[in-house]
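Heads up: the structure comes next, in structure tokens.
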Number of protein chains: 2
Amino acid sequence: MFEPLDTAPAYLRLSAAIRARILGRELGEGDSLPTETELARQFAVNRSTVREALRNLQSAGLVERRGGGKKLYVSRPAVGAVGEGLREALTLHEARFADVWEALLALEPAVAAAAARRRDAAQLAALERLAEDFGSRELPATEAVALVGQFFRALGVASGNPVFVLANEPLVQLVEPSLAIIIDRLPQARRRIAGAQRAMVAAIRARDRAGAADWMRRHVEDFRRGFEQAGFPLETVVG
Amino acid sequence: MFEPLDTAPAYLRLSAAIRARILGRELGEGDSLPTETELARQFAVNRSTVREALRNLQSAGLVERRGGGKKLYVSRPAVGAVGEGLREALTLHEARFADVWEALLALEPAVAAAAARRRDAAQLAALERLAEDFGSRELPATEAVALVGQFFRALGVASGNPVFVLANEPLVQLVEPSLAIIIDRLPQARRRIAGAQRAMVAAIRARDRAGAADWMRRHVEDFRRGFEQAGFPLETVVG
DNA sequence: ACATGATAATTGTCGGACAATCCGACAATC
DNA sequence: GATTGTCGGATTGTCCGACAATTATCATGT
């Protein structure tokens with residue numbers, strides 16, 4: 001009979017208004033927003049209210065301040081930040097290693113296949129350099145893991161699919177700590193990872209989609225085995 | 001010799017501090033936070049600063065107010081909200097239909113397979129009811145599409161994998177508008193969707209993982225064909 | 001054209017204020 | 001007994017005004 005009234009606080013309605021303008025492309029990436037005082041004047045609210053609304057947009061990644069400056073710019077949400085939010089969400093939802101692994105097994109072969117199909121020369125070169133770096137040097141675990149993470153991110157970029165790039169990120173972030181432990185405890189882990197990376201890069205260079213996906217599958221399965229052999233149950237909650 | 005000082009604004013350090021406590025499980029879901037005045041006192045900052053920090057946590061979904069109340073409670077980020085943020089991010093990254101479809105093709109068969117393996121009786125019943133609802137009634141496009149969305153969400157839940165649940169959400173949200181148009185323009189769309197849902201439910205009931213994945217693959221491929229037949233190029237930017 | 005320094009604008013933070021609303025307890029009513 | 005009214009206190013949403021620190025702007029001299 002009656003519809004609920006819109007009693008949303010002003011700061012929410014304000015951020016919703018600006019958000020709509022950004023998503024509706026009226027404000028494009030790189031455009032700068034008016035100053036807080038000016039926004040307060042235009043929306044006829046207090047500057048404190050404006051600031052609360054801006055914090056909202058800021059943590060959604062829709063606006064940002066560049067390099068310590070004062071001006072606010074419209075921005076597309078950074079992949080790293082979005083991934084971190086997702087990682088937090090998954091942590092609080094108590095995702096287990098088995099869950100993340102299952103997602104990796106579904107996603108990464110497809111990413112590798114897409115990369116094999118669509119990578120350009122520069123992206124291939126980046127992958128080759130990362131694989132070479134990992135394979136040739138005996139870095140400390142933390143740095144080695146960072147390289148593996150970079151390899152996966154580079155794969156995402158090479159896939160040319162922003163959905164893959166975004167989906168990749170939280171999984172990589174969640175997996176990195178476990179991987180560090182595995183590399184520390186299992187002497188053969190480095191060799192196996194290096195081998196898989198080399199094989200994937202070769203398949204991607206040859207534009208061999210099935211090969212890239214296959215090697216990725218083995219790589220991900222190896223990862224699960226490593227996790228178990230390092231003494232962790234698959235039910236371990238990540239994060 | 002000297003470490004860089006932490007010059008981040010107070011409201012950021014404050015939200016980081018609370019965030020860390022939540023992620024570190026010192027504050028569990030459902031716990032209530034002190035009042036703003038009390039937080040201001042404890043952190044020795046002004047209440048306005050506290051409020052900016054809280055807006056930050058609020059939009060990350062780490063705290064919420066329940067049902068128009070005043071108390072703040074620690075919460076795990078709601079799937080819908082996280083998905084919406086991701087949808088926005090993908091929209092601003094100009095993901096094309098082809099990209100979303102590629103991700104669906106990688107993800108959904110795995111979700112269906114996991115659901116076939118792990119679903120319990122109640123989850124199966126929910127899927128059956130949704131499929132039955134969709135197949136038996138000739139609802140207007142918007143409601144029909146909502147039912148399809150519910151079917152995918154229920155699949156995610158039945159998969160027992162929070163990663164799948166979360167990854168599902170933005171894809172479903174992005175796809176729903178396109179699907180509404182397809183259903184409107186292609187007379188055979190309803191029948192094909194109903195058929196696929198029935199087949200998937202049957203496979204999931206029989207715990208036939210390969211069958212479920214297979215039917216899902218056909219279903220997703222059908223969806224792409226429908227999109228093209230409805231007159232859209234795959235490069236259409238979603239959102 | 002380019003560095004430089006003065007000047008104006010802007011942000012981050014603060015203190016205080018007040019109405020609206022929610023909460024809990026208690027009383028009144030059906 | 002359950003719903004409804006009432007009342008004081010606590011809390012939030014919003015406003016105002018202020019100020020130091022930092023950044024942007026611009027005229028100026030080289």
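Keep in mind the model is a prediction, meaning the values are calculated, not measured. To find a chain, count down the sequence lines: A is the first, B the second, and so on, and within it residues start at 1.
- Atom-to-atom, CD of B:E36 to C1' of C:dA20 comes out at 14 Å; the value is rounded to the nearest Å.
- We find that CZ of A:R13 is positioned 13 Å from P of D:dG13, with the value rounded to whole Å.
- Proximity of A:W101 to A:L234: side-chain heavy atoms (C-beta onward) are nowhere separated by under 4.5 Å.
- Between D:dT14, D:dG13, C:dT13, one nucleotide has an atom nearer to the side chain of B:R65 than all others, and that is D:dG13.
- If you measure from atom CG of A:L39 to atom C1' of C:dA9, you get 15 Å, rounded to the nearest angstrom.
- Between A:R137 and A:E143 there is no salt bridge, since no side-chain nitrogen of the basic residue lies less than 4.0 Å from a carboxylate oxygen of the acidic one.
- Residue pairs satisfying the ring pair (Phe, Tyr, Trp, His ring centres under 6.0 Å) criterion with at least one member in residues 119-166 of chain B, sequence neighbours excluded, are listed as follows: B:F152-B:H219.
- Summary for the helix from C:dA1-D:dT30 to C:dC30-D:dG1: the axes at its two ends, each from 5 pairs, differ by 40° when rounded to the nearest 10 degrees.
- Rounded to a whole Å, the CZ atom of A:R41 is 15 Å from the P atom of D:dC15.
- You'll find the ring centres of A:F232 and A:F97 outside the 6.0 Å limit.
- Side chains of B:N46 and B:S48: a donor-acceptor N/O pair is present below 3.5 angstrom, by distance only.
- Nearest approach of A:L72 to A:R65, heavy atoms of both residues: CG-NH1, 3.3 Å.
- Remark: the backbone N or O of A:D99 is paired with a side-chain donor or acceptor of B:N161 at under 3.5 angstrom.
- Distance CD (B:Q58) to P (D:dT12): 11 Å, rounded to an integer number of Å.
- A close approach under 4.0 Å does not occur between any side-chain nitrogen or oxygen of A:R51 and OP1 or OP2 of D:dT14.
- One atom, CG of B:L33, and another, C1' of D:dT12, lie 14 Å apart when rounded to the nearest Å.
- Screening A:L179, A:V175, A:T236 for a side-chain contact (heavy atoms from CB on, under 4.5 Å) involving A:F227 leaves a single residue, A:T236.
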Base, backbone or nothing for each nucleotide of nucleotides 17-26 of chain D, written B, S, -, heavy atoms under 4.0 angstrom, 5' to 3'?
-> -B--BBSSS-
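- Put simply, CD on B:E52 is 8 Å from C1' on C:dG12, counting in whole angstrom units.
- Within a 6.0 Å radius of CZ in B:R21, no more than 12 heavy atoms belonging to other residues, nucleotides or ligands are found.
- Whole-Å rounding puts the A:L54 CG to C:dT10 P distance at 14 Å.
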